[in-house]
Each structure stands twice: as C-alpha cells, then as structure tokens.
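Some notes on the structure that comes next.
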Amino acid sequence: MLYTSTRNKNVQISAAEAITKGISEDGGLFVPMEIPQVDAAFIASLQEKDYIERAVAVLGLFLKDFSEDELRAYARGAYGGGKFSGSSPAPVVAANDRLNILELWHGPTCAFKDMALQILPYLLTGSAKKIHNDKKIIILVATSGDTGKAALEGFCDVAGTGILVFYPVDGVSPMQKLQMTTQKGDNVGVCAINGNFDDAQNGVKAIFTAPAVKARLAENGYAFSSANSINWGRLVPQIVYYFSAYADMVNQGKLAFGEKMNVVVPTGNFGNILAAYYAKRMGLPVNKLICASNANNVLTDFIETGVYDRNRKFYTTISPSMDILISSNLERLLFMLSGGNDEEIRSLYRQLAETGTYRVSDAIAKAVKADFAAGYCDDAATRATIGRIFAQDGYLCDTHTAVAVTVYESYLAKTGDTTPAVIASTASPYKFSASVLDAVSGGEIHSADEFSMVHELEEKTGVPAPEQLRSLKGKTPRFTDVCKKEDMCKQVYAMLGIQ
C-alpha cells in the first residue's frame with residue numbers, strides 16, 4: 001500500500017513516510033494509491049468484535065507497514081485503559097426512533113478528535129522508527145477548538161515529540177480555550193492568533209512547505225509533522241468508527257445486514273465526512289453522505305453548485321469548530337473524483353489561492369452530488385433544535401450535533417428518504433455550556449461564568465458534566481501569548497528556542 005500526493009502523482013511513499021511527513025512538499029495531501037475493498041464476510045466479522053479489534057481490522061487494510069500485533073498494541077493503548085468512558089469509545093445511542101446518534105466524545109477531551117488523536121502518537125512514533133528518522137518531531141497544529149486540546153492530550157510528554165498549537169483568539173469557546181491553555185506537559189506550547197481558523201490553517205501550511213523553515217529546523221534537530229486531518233494518520237482512524245457504527249446498527253436491529261445506511265456529519269474541514277466516504281468506497285453499505293454546515297456554508301454551496309467560493313462573510317457562530325471557509329480535506333475527494341489528475345488539482349488550488357474560488361468540472365460536480373447531500377442552518381435554528389430534542393426526548397445535543405440533526409430533518413422532509421441514518425455527534429454539550437444552557441432554558445440564564453453555567457446546565461437537565469471538564473475550574477492558564485497571523489513562524493522559532 002503506497003501513498004501519493006494530490007498535487008504530484010509521481011510521489012510514491014509508504015504509510016510510515018506519509019504519516020511522519022504529514023503533508024507533501026508540493027503542498028498536496030497524501031492519499032492511498034488504491035482503496036482497499038471489503039466483502040460481506042469482513043463487515044459481518046466486525047459485529048462480533050469490540051472497538052479495539054474493529055480498529056485493528058480496518059487500519060490493517062491501509063497501514064501495511066505495521067504488523068497486526070503493532071496495530072493491536074496501538075489500539076489498546078489508545079482506546080483501552082479507561083481512557084474512554086462507557087462500554088465502547090464510539091457507541092450508537094438512540095435519541096428517539098429516528099435519530100441514531102454516533103457519540104464520538106467519550107474520550108479524554110470530550111470531542112471526536114480523541115478517536116484519532118489518541119492513536120496518532122503511536123502511529124507517528126512507530127512510523128519515525130520505521131523510516132529511521134532520528135530528529136525530534138514537532139507537531140504543528142491549527143485548531144478551531146477541539147483538535148488542539150485532543151492533540152495536546154495525545155502528545156503530552158510523548159518521547160521524541162513536541163507539539164505547538166495555534167488557535168483563533170476569539171474563535172473557540174471558553175471551555176475549549178481553558179482546556180488548551182491549562183495543558184500540562186514539558187513538550188507542549190499554545191499560542192492564540194489575531195485571526196480566524198483559516199488564517200491559522202494557512203499559516204501552518206505555509207510553515208510546513210517553506211524550504212527555509214524546514215532547513216532551519218533540521219539544523220536544530222527538528223522535523224515537522226501534523227496532527228490536523230491533513231495528516232493521513234489522523235484521517236484513517238476516523239474510517240474505523242463508521243464501520244463500527246454499521247456493525248452496531250445491525251446488532252441493535254436498526255439495520256438488516258447488507259442494508260444501506262445514511263451518514264450525517266457536521267463538518268467544516270471535511271475530514272470527518274471524508275472518512276465516511278472512504279468507508280463507502282471500500283464497500284461499506286452507505287447510501288447518502290449528508291454534509292451539515294452552520295452559517296459558514298461554503299461546503300453546502302459547493303456540493304449543490306460545483307463552485308467553491310471562500311469570498312464571503314465569515315461568521316463566528318455557537319458551533320465554532322465548524323467556523324471554516326477553507327475545507328482542506330476536500331482536496332482529497334477531488335483528487336479521487338478526478339481519477340488522480342494531479343494537474344487538475346494543482347490548477348484548482350492555484351485558483352483558490354489567487355482568486356478565492358474555483359469551479360470543478362461537470363463530471364466531478366455530478367459525482368459529488370451522486371454521493372453527497374448538503375444543508376446548513378444558523379444559530380437560531382441550532383438553539384431551537386437543542387431545546388426541542390431535549391424537551392421531546394431528553395437527549396442533550398451540543399451545538400455541532402444540533403446542526404447535523406437540523407440538516408438531517410430538513411433532508412428527510414425534502415427527500416422522503418427513510419434510509420436508516422446515523423448522525424455523528426462530535427462533542428459533549430458541556431464544551432459549549434453557555435449556548436446549550438441558553439437553548440434549553442429559553443434564554444433564562446442565571447449564571448455569570450462558565451463553570452456556574454456548567455452547574456446550572458446539570459441542574460436544568462439532570463445530565464452530568466464530564467469530570468475532565470468540571471475539574472478545569474480554578475486552573476490558571478499556562479499559555480497566554482497572542483501573535484499576529486503573519487508572525488506565526490517567528491512564534492514557532494520562539495517556542496522551540498531557535499534564535
């Protein structure tokens with residue numbers, strides 16, 4: 001199993017090299033040169049396995065550099081040992097008779113990013129050993145809230161690594177900010193930027209691909225890698241939970257074996273839903289992939305029109321992890337749908353860099369619409385859904401899951417498609433306690449600070465807050481730096497002690 005770059009199909013490297021590098025030197029993203037195919041027997045076998053063994057089975061199809069024993073050790077380290085609450089790291093829970101919720105937030109940081117970022121340190125350090133990379137690996141991360149904390153937690157004090165996280169100063173929730181800025185560990189660094197997530201992401205990509213920066217780091221014994229979903233090692237573990245969800249849906253009697261399911265995903269950077277697309281291309285019985293956006297609805301417009309246009313107003317919403325106008329992982333989808341045409345991808349992303357927009361070919365636009373549906377909602381609709389679902393069913397959604405529920409209900413009303421669906425739930429409601437409390441209380445909030453709101457939300461709903469969030473109360477932030485977006489590279493040098 002070799003990997004190539006979306007912008008240079010002459011690249012052919014191993015999985016270990018792809019994971020260690022994170023992003024190709026040409027600015028492209030690494031993708032497998034072939035998509036492994038599964039049969040009914042493989043899918044049926046997952047019904048009898050626990051999540052760890054499901055992960056070993058699926059990851060083994062893509063990561064041929066690693067033995068089954070290595071992958072099993074990594075999966076046990078990531079998903080075992082009490083790191084995730086409950087009987088499964090990714091349970092399917094019925095909110096009501098039509099809403100099957102894939103809860104992906106039972107890990108140490110209460111967000112779906114834990115599903116990949118608990119195993120990525122094992123994959124990355126294992127990959128570095130396989131390619132004999134003796135440099136200290138610096139994980140450079142741009143975050144809209146959840147990736148940052150999950151990456152910090154995953155790489156905290158991992159030997160041979162360091163991690164530096166950039167986040168938009170006004171673009172994360174107070175709880176997300178506190179999670180990052182209070183992070184323990186001798187190998188971690190956190191800095192806010194004056195800008196939005198796209199600024200942070202663009203800055204990280206520019207640092208990654210600058211030859212002068214790469215050379216300077218090498219002189220000091222460092223090499224960059226990424227924990228964002230631009231890294232294949234971050235994306236491939238996400239494929240696992242869609243296979244797991246299908247097995248659980250069958251086991252629970254929600255699906256007949258072989259019957260197709262719809263998948264609904266709230267997404268901004270397109271990685272989470274792309275993982276579901278990979279699962280479908282592998283042979284998992286998936287019907288429609290329903291892409292749910294907030295007011296930053298660049299993906300909705302693209303899926304419906306074939307035009308990607310980031311030249312629009314940027315909204316700061318109550319679902320901040322989706323406040324994104326440049327969806328990096330879309331590049332992987334377009335490369336696949338173009339038949340691996342790297343020249344076409346280079347042209348599209350040159351247009352995006354120069355003009356902020358591109359139009360895909362009619363053939364690609366048609367292929368996108370064949371597999372994907374899309375919708376979006378604003379903050380008012382998000383709040384209304386949180387309040388309504390809790391009042392009707394006693395199920396408490398966070399602000400991102402509520403976007404997915406809203407879009408799915410609109411899709412159902414519009415199409416009449418009654419295919420059983422699973423909805424990806426990406427975060428604990430307590431990561432966004434102010435907005436969720438506002439939604440379930442009709443705006444009658446009596447608390448003034450974040451942790452009083454957590455307590456009030458518990459009292460109002462009877463749903464306990466995760467201890468890892470409750471325990472942040474009273475902690476003093478370690479990291480308070482804020483830099484200009486154009487000074488991110490200088491900040492990297494400063495955090496690494498490079499003069």
Side-chain angles (χ1 to χ4, degrees), residues 20-23 108-109 111 113-114 116-118 120-121 124-125 128 133 135-197 199-210 212-214 216-231 233-234 472 475-499:
T20 304
K21 289 182 177 181
I23 189 171
T109 75
K113 307 298 175 70
D114 289 325
L117 284 165
Q118 282 298 303
L120 181 60
L124 186 59
T125 54
N133 185 340
K135 292 183 173 64
K136 184 174 183 178
I137 298 173
I138 302 302
I139 310 301
L140 196 58
V141 176
T143 185
S144 54
D146 287 333
T147 292
K149 172 59 180 177
L152 288 163
E153 188 72 22
F155 282 93
C156 175
D157 290 333
V158 172
T161 72
I163 178 166
L164 308 176
V165 172
F166 290 95
Y167 70 92
V169 65
D170 295 319
V172 301
S173 77
M175 189 68 79
Q176 288 174 313
K177 182 177 181 179
L178 194 59
Q179 281 188 298
M180 289 186 285
T181 58
T182 59
Q183 177 66 47
K184 296 178 181 179
D186 295 331
N187 67 335
V188 305
V190 179
C191 183
I193 70 160
N194 285 311
N196 58 37
F197 170 75
D199 296 321
Q201 181 168 250
N202 287 338
V204 164
K205 284 185 176 180
I207 294 168
F208 258 110
T209 55
V213 177
K214 182 180 179 180
R216 192 166 178 187
L217 258 71
E219 291 171 3
N220 287 271
Y222 297 119
F224 277 137
S225 191
S226 174
N228 284 94
S229 56
I230 57 175
N231 191 321
R234 235 299 296 281
L472 289 170
K475 287 190 176 181
T476 302
R478 292 178 63 195
F479 304 103
T480 57
D481 286 351
V482 181
C483 74
K484 297 178 181 178
K485 58 186 179 182
E486 55 267 27
D487 290 336
M488 287 173 62
C489 189
K490 293 179 182 177
Q491 192 69 24
V492 167
Y493 290 150
M495 288 192 284
L496 293 177
I498 296 176
Q499 301 300 318

- Do Asp186 side-chain atoms and Asp157 backbone N/O form a donor-acceptor pair below 3.5 Å? no
- Item | Contact check, side chains of Val188 and Phe479, non-hydrogen atoms, under 4.5 Å | yes
- Task: Check whether any side-chain N or O of Asn228 sits under 3.5 Å from a backbone N or O of Ala142 as a donor-acceptor pair, and report yes or no.
- Result: yes
- Between CZ of Phe224 and CD1 of Ile207, what distance do you get to the nearest 0.5 Å? 6.0 Å
- Find the distance between NZ (Lys177) and CG (Leu472) and round it off to the nearest 0.5 Å. 14.0 Å
- Item | More than 12 heavy atoms of other groups within 6.0 Å of Lys205 NZ | yes
- Can you list the steps and then say if Phe197 with Val172 is a side chain to side chain contact (heavy atoms under 4.5 Å, CB included)? CA-CA 9 Å; Phe197 170 75; Val172 301; over 6 Å; no
- Report the distance from atom CG of Leu164 to atom CZ of Phe155, rounding to the nearest 0.5 Å. 12.0 Å
- Should Asp146 and Thr109 count as side-chain neighbours, where that means a heavy-atom distance under 4.5 Å? no
- Item | Under 3.5 Å side-chain donor-acceptor pair for Asp481 and Gln491 | yes
- Message: Is it the case that over 12 heavy atoms from other parts of the model lie below 6.0 angstrom from the NZ atom of Lys184?
- Response: no
- Task: Check whether more than 12 heavy atoms from other residues, nucleotides or ligands sit under 6.0 Å from atom CG of Asp170, and answer yes or no.
- Result: no
- Residues Thr480, Thr181; criterion side chain to side chain contact (heavy atoms under 4.5 Å, CB included); working and verdict: CA-CA 7 Å; Thr480 57; Thr181 58; over 6 Å; no
- Message: Keeping Thr147 on the side-chain end and Thr143 on the backbone end, is there a donor-acceptor pair under 3.5 Å?
- Response: no
- Intermediate values then yes/no, side chain to side chain contact (heavy atoms under 4.5 Å, CB included), Ser225 and Asn231: CA-CA 8 Å; Ser225 191; Asn231 191 321; 3.4 Å; yes
- Query: Between Gly162 and Lys136, what is the shortest heavy-atom contact and its length?
  - Reply: N-CE, 3.9 Å
- Message: Give me the atom names and distance for the closest heavy-atom approach of Thr20 to Ala128.
- Response: OG1-N, 3.7 Å
- Smallest heavy-atom separation, Cys191 atom then Met495 atom, equals CB-CE, 4.4 Å
- Message: Between Pro108 and Asp114, is there a side-chain heavy-atom distance shorter than 4.5 Å?
- Response: yes
- Item | Polar contact flag, side-chain donor to acceptor under 3.5 angstrom, Lys149-Gln183 | yes
- Message: If I compare all heavy atoms of Ser226 with all of Ile230, which pair ends up nearest, and what's the gap?
- Response: OG-CG1, 3.4 Å
- Message: Donor-acceptor check, side chain of Arg478 to backbone of Gly185, threshold 3.5 angstrom: yes or no?
- Response: yes
- Residues Tyr222 and Leu496: closest non-hydrogen pair is OH-O, 3.5 Å
- Sidechain-backbone polar pair: Asn187 side chain, Thr161 backbone, donor-acceptor under 3.5 Å: yes
- Query: Can you check whether Leu152 reaches Met180 side chain to side chain, under 4.5 Å on heavy atoms?
  - Reply: yes
- Message: Less than 4.5 Å apart, side chain to side chain, heavy atoms only: is that true for Val492 and Ile138?
- Response: no
- Query: What distance separates Asp487 CG from Ile193 CD1, expressed to the nearest 0.5 Å?
  - Reply: 10.5 Å
- Message: As an exercise, state the distance from NZ of Lys485 to CG of Asp199, rounded to the nearest 0.5 Å.
- Response: 4.0 Å
- Just how far is it from atom OG of Ser229 to atom CG of Leu120, taken to the nearest 0.5 Å? 11.0 Å
- Candidate pair Gln176 and Tyr167, rule side chain to side chain contact (heavy atoms under 4.5 Å, CB included), full reasoning: CA-CA 10 Å; Gln176 288 174 313; Tyr167 70 92; over 6 Å; no
